[in-house]
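For reference, the structure discussed in these notes is given below.
Side chains included, hydrogens not; waters and symmetry mates left out as well; all remaining heavy atoms used. A quick note: this is a predicted structure, and the numbers were derived from the prediction, not measured.
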Amino acid sequence: MRWGLVPFWSKDGKASFSTINAKSETVATSPAFREAWKQRRCLVPADWFYEWQKPDEKTKQPFAIANKDDGMFAFAGLWESWKDRATGQKLRTFTILTTDPNELMEPIHNRMPVILHRRDYERWLAPSDPTNLPIDLLRPYPADEMKAWKVGKAVGNTRNNDPSLIEPLRDEEEVTAPLTLFG
DNA sequence: CCAGACGTTGTT
DNA sequence: GTCTGG
DNA sequence: CCAGACGTTGTT
DNA sequence: GTCTGG
């Protein structure tokens, strides 16, 4: 599976626009995603993910974000199968839904991937009544179940792919969800 | 009708 | 500036 | 999203 | 494939 959803109606097997993410707010009506939203939902497993904080124009600080218990995430995803008319080959692609940031993510970024609770996996994947699609699952994941920490800039280069990428920057404290929000 | 868009993030 | 790979 | 490439001829 | 703008 390739990241970057190619709609089934694509002429050349490429998305002529960015489809690595799909907004929860518009996924049901967007021509590029609505069919996949109705019929081809998937889970995208991940041990952690990264977001870049931009405190100012010149500074980009990557963060790693994971479950507090280091368990895997399941991002809410959609997939497509595009058929090459010439070769008959099928190209499978996917996208990851985004939503508003929770209290942990908000200082880092204005969006976050939709993360599903284990209890909702089955319902997310199940073919469903078109009038009862699981739109209610597209919510920010609870901040108190997640943790975030600063990492080095090497993660920004896609050539780099090894465990050192998630090592915390030295002398940096782990960021956790504010505990004062509810008194 | 036809041609062109179909998207996100972040930035302005 | 724009595209590609990850 | 990010960072990095973005090209040809001719040679291996 | 389907919608929108012209």
Side-chain angles (χ1 to χ4, degrees), chain A residues 1-66 72-86 88-102 104-115 130 133 135 137-141 146 148-169 175:
Chain A
M1 276 250 179
R2 180 182 298 176
W3 188 17
L5 185 143
V6 174
F8 64 91
W9 41 259
S10 170
K11 285 172 184 163
D12 57 4
K14 296 174 183 173
S16 55
F17 43 86
S18 177
T19 56
I20 59 170
N21 293 121
K23 297 182 78 168
S24 299
E25 296 89 336
T26 54
V27 70
T29 53
S30 156
F33 301 127
R34 61 191 171 194
E35 287 306 311
W37 156 245
K38 284 189 279 190
Q39 307 192 37
R40 285 177 294 279
R41 295 184 295 276
C42 63
L43 300 176
V44 181
D47 290 304
W48 60 83
F49 62 97
Y50 301 99
E51 286 291 3
W52 280 257
Q53 183 184 56
K54 293 181 183 175
D56 57 73
E57 284 186 357
K58 295 178 180 178
T59 315
K60 258 186 285 190
Q61 174 59 57
F63 282 74
I65 300 102
M72 277 213 298
F73 288 128
F75 298 145
L78 307 176
W79 63 278
E80 273 293 357
S81 182
W82 179 85
K83 189 174 182 180
D84 187 330
R85 289 174 169 278
Q89 282 289 308
K90 284 184 180 176
L91 174 66
R92 286 181 166 182
T93 56
F94 70 96
T95 190
I96 294 170
L97 302 203
T98 62
T99 187
D100 291 326
N102 60 24
L104 175 71
M105 295 296 301
E106 194 278 333
I108 302 172
H109 205 62
N110 67 334
R111 302 290 288 173
M112 70 180 284
V114 174
I115 299 166
L133 291 161
I135 193 91
L137 300 183
L138 305 182
R139 302 294 313 149
Y141 198 73
M146 299 166 65
W149 62 96
K150 291 183 183 179
V151 297
K153 291 183 178 155
V155 66
N157 185 336
T158 54
R159 280 182 315 202
N160 299 328
N161 187 19
D162 65 79
S164 72
L165 298 182
I166 60 161
E167 286 174 11
L169 282 187
V175 179

[atom1] spacing across the pair [N] / [M], given as an integer number of angstrom:
N: D:dG7; M: C:dC3; atom1: C1'; value: 15 Å
N: B:dC6; M: D:dG4; atom1: C1'; value: 28 Å
N: D:dA5; M: B:dA5; atom1: C1'; value: 28 Å
N: D:dA3; M: B:dT11; atom1: P; value: 12 Å

Can you sort out the partners of [X] under side chain to side chain contact (heavy atoms under 4.5 Å, CB included), two or more places apart, ordered by chain and number?
X: A:R34; result: A:P31
X: A:S24; result: A:L97, A:T99, A:V114, A:L138
X: A:A28; result: A:W37
X: A:N102; result: A:L104, A:M105, A:M112, A:P140, A:A143, A:M146

Next item on the list: List for me each residue that meets salt bridge (charged side-chain N to carboxylate O under 4.0 Å, His left out) alongside A:K23, sequence neighbours excluded, and say none if there are none.
Entry: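 By the salt bridge (charged side-chain N to carboxylate O under 4.0 Å, His left out) rule, A:K23 matches no residue at all.
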
Checklist line | By side-chain hydrogen bond (donor to acceptor under 3.5 Å, both in side chains) - contacts of A:R40 (at least two apart) | finding: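 With sequence neighbours excluded, A:R40 shows a side-chain hydrogen bond (donor to acceptor under 3.5 Å, both in side chains) to A:E80, given in chain and number order.
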
Next item on the list: Check the distance between B:dT11's C1' and A:K54's NZ and give it to me in whole angstrom.
Entry: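 A:K54 atom NZ is separated from B:dT11 atom C1' by 9 Å.
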
Checklist line | Interatomic distance, A:E51 CD vs D:dA3 P [rounded to whole Å] | finding: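 After rounding, the reported distance stands at 13 Å.
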
Has the side chain of [X] got a donor or acceptor atom that lies under 3.5 Å from a matching backbone atom of [Y]?
X: A:T98; Y: A:P113; result: no
X: A:N160; Y: A:A154; result: yes
X: A:T95; Y: A:G4; result: no

Item checked: side chain to side chain donor-acceptor pair (under 3.5 Å) contacts in which one or both residues fall within residues 7-20 of chain A, not counting sequence neighbours ->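 Qualifying pairs, neighbours excluded: A:S10-A:D12.
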
Margin query: Under 3.5 Å for both pairing distances: what stems, at least three Watson-Crick or G-U pairs long, include DNA chain B?
Written below: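 B:1-6 with E:1-6 - these are the stems of 3 or more pairs that involve DNA chain B.
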
Checklist line | Contacting residues from residues 8-38 of chain A, given that a heavy atom lies under 4.0 angstrom of DNA chain E | finding: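 The answer is A:F8, A:W9, A:P31, A:R34.
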
Item checked: Spacing of A:L133 atom CG and A:Q39 atom CD [to the nearest 0.5 Å] ->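 Atom-to-atom, A:L133:CG and A:Q39:CD are 9.5 Å apart.
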
Next item on the list: Indicate, with a heavy-atom threshold strictly under 4.0 Å, whether A:T95 touches base, sugar-phosphate, or nothing.
Entry: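 It contacts nothing in the nucleic acid.
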
Notebook entry, point to check: Between A:F94 and A:W3, what is the ring plane arrangement, given parallel below 30°, perpendicular above 60°, and tilted in between?
Noted result: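 Ring orientation of A:F94 relative to A:W3: parallel.
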
Contacts under 3.5 Å, N or O only, protein and nucleotides 4-7 of chain D:
unit_1, atom_1, unit_2, atom_2, d
D:dG4, OP1, A:N157, ND2, 2.4

Next item on the list: Can you tell me which residue pairs pass the salt bridge (Lys or Arg N to Asp or Glu O under 4.0 Å) test with a partner in residues 104-113 of chain A, sequence neighbours excluded?
Entry: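 Output for this query lists A:E25-A:R111, A:D100-A:R111.
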
Item checked: First-last contacting nucleotides on DNA chain E - partner chain A, under 4.0 angstrom, heavy atom ->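 Taking any atom under 4.0 Å from a heavy atom of chain A, the span is E:dG1 to E:dC3.
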
